[in-house]
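All residue numbers refer to positions in the sequence shown, counting from 1. These numbers come from a predicted model, not from an experiment.
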Amino acid sequence: QVQLVESGGGLVQVGGSLRLSCVASGRTFSTYGMGWFRQAPGKEREFVASIDRSGNVRRYAHSVKGRFTISRDNAKNTVYLIMNNLNPEDTAVYYCAAGAVSVNPLEYNYWGQGTQVTVSS
């Protein structure tokens with residue numbers, strides 16, 4: 001079992017930046033692909049970004065490409081999502097997931113509790 005603990009969410013103004021962190025339990029973090037998803041009230045959970053085991057292969061949703069960066073530090077069992085140029089459409093609960101490098105949430109085995117990101121206009 002892998003447990004994921006997210007942090008870094010909060011309130012930010014339009015155009016601002018945030019860095020989300022997701023710390024994983026266990027000794028095999030480096031074997032997992034990782035992803036970030038988000039869900040706004042009344043909407044489906046949507047793919048944001050993913051990263052492979054080594055950190056070399058990254059994918060982004062069209063809506064965030066060029067603004068968000070996913071990265072990982074395997075020595076710290078941590079994956080990050082650096083979010084720049086935030087706008088109100090980015091407001092959502094952001095979830096960390098482990099076990100795949102995919103846009104499909106069904107392919108991931110483990111999920112964090114989510115962290116709220118609110119962008120004020």
Q: For Met34 and Cys22, work out which heavy atoms get closest and say how close.
A: CE-SG, 4.3 Å

(Q) To the nearest 0.5 Å, what is the distance between CG on Asn84 and CZ on Phe68? (A) 8.5 Å

Q.
Show the nearest heavy-atom pair for residues Ser121 and Pro88, with the distance to one decimal.
A. CB-CG, 4.0 Å

Q: Find out if a path of hydrophobic residues (ILVMFWY) with successive side-chain heavy-atom gaps under 4.5 Å connects Trp111 to Val93.
A: yes

Q) Transitively linked via ILVMFWY side-chain contacts under 4.5 Å: Phe47 with Leu4? A) no

Q: Indicate whether any N or O donor in one side chain lies under 3.5 Å from an N or O acceptor in the other, for Ser25 and Gln3.
A: no

(Q) Main chain of Ala24, side chain of Asn77: is a donor-acceptor contact present, judged purely on distance under 3.5 Å? (A) yes

(Q) For the residue pair Arg45 and Tyr95, would you count it as a cation-pi contact if the rule is NZ or CZ under 6.0 angstrom from the ring centre and within 45 degrees of the ring axis? (A) yes

Q) Rounded to the nearest 0.5 Å, how far does CG of Leu81 lie from CZ of Arg38? A) 9.5 Å

Q: Find the distance between NZ (Lys65) and CZ (Arg58) and round it off to the nearest 0.5 Å.
A: 12.5 Å

(Q) If I take atom CZ from residue Arg53 and atom OG from residue Ser30, how far apart are they, to the nearest 0.5 angstrom? (A) 8.5 Å

Q) Of all heavy-atom pairs between Tyr94 and Met83, which one has the smallest distance, and what is that distance? A) CE2-SD, 3.9 Å

Q. Does the side chain of Ser54 pick up a donor-acceptor pair with the side chain of Asn56 at under 3.5 Å?
A. yes

Q: Can you see which heavy atom on Leu18 is nearest to which on Leu86, and at what distance?
A: N-CD1, 4.0 Å

Q. Is there a side-chain contact between Val119 and Val14, using heavy atoms and a 4.5 Å cut-off?
A. yes

Q. Can you name the nearest heavy-atom pair linking Ser71 to Ile82, along with the distance?
A. OG-CD1, 3.8 Å

Q. Do Val57 and Val79 belong together in a cluster built from hydrophobic side chains that touch within less than 4.5 Å?
A. no

Q.
Would Asp73 and Thr78 count as a side-chain hydrogen bond (donor to acceptor under 3.5 Å, both in side chains) here? Give the steps.
A. CA-CA 5 Å; Asp73 186 341; Thr78 302; over 6 Å; no

Q | Smallest separation among heavy atoms of Trp36 and Leu20, with atom names | A | CH2-CB, 3.7 Å

Q: Determine, using the 4.5 Å side-chain heavy-atom cutoff (strictly less than), whether Tyr80 and Val117 are members of one ILVMFWY cluster.
A: no

Q) For the side chain of Asp52 and the backbone of Gly55, is there at least one donor-acceptor N/O pair under 3.5 Å apart? A) yes

Q: Answer yes if the ring centres of Tyr108 and Phe37 are under 6.0 angstrom apart, and no otherwise.
A: yes

Q: Identify whether the distance between the nearest side-chain nitrogen and carboxylate oxygen of Arg67 and Asp90 falls below 4.0 Å.
A: yes

(Q) Check for me, please, whether Val12 and Val64 land in the same ILVMFWY cluster - side-chain distances under 4.5 Å, paths through other members count. (A) yes

Q | Test item: Tyr60 and Val48 side chains (from C-beta on) under 4.5 Å apart, heavy atoms | A | no

Q | Gap separating the OH atom of Tyr110 from the SG atom of Cys96, nearest 0.5 angstrom | A | 13.0 Å

Q.
Could you tell me if the side chain of Leu11 sits less than 4.5 Å from the side chain of Ser120, heavy atoms only?
A. yes

Q: Decide yes or no on side-chain hydrogen bond (donor to acceptor under 3.5 Å, both in side chains) for Thr115 and Glu6, but give the supporting numbers first.
A: CA-CA 6 Å; Thr115 184; Glu6 297 154 303; over 6 Å; no

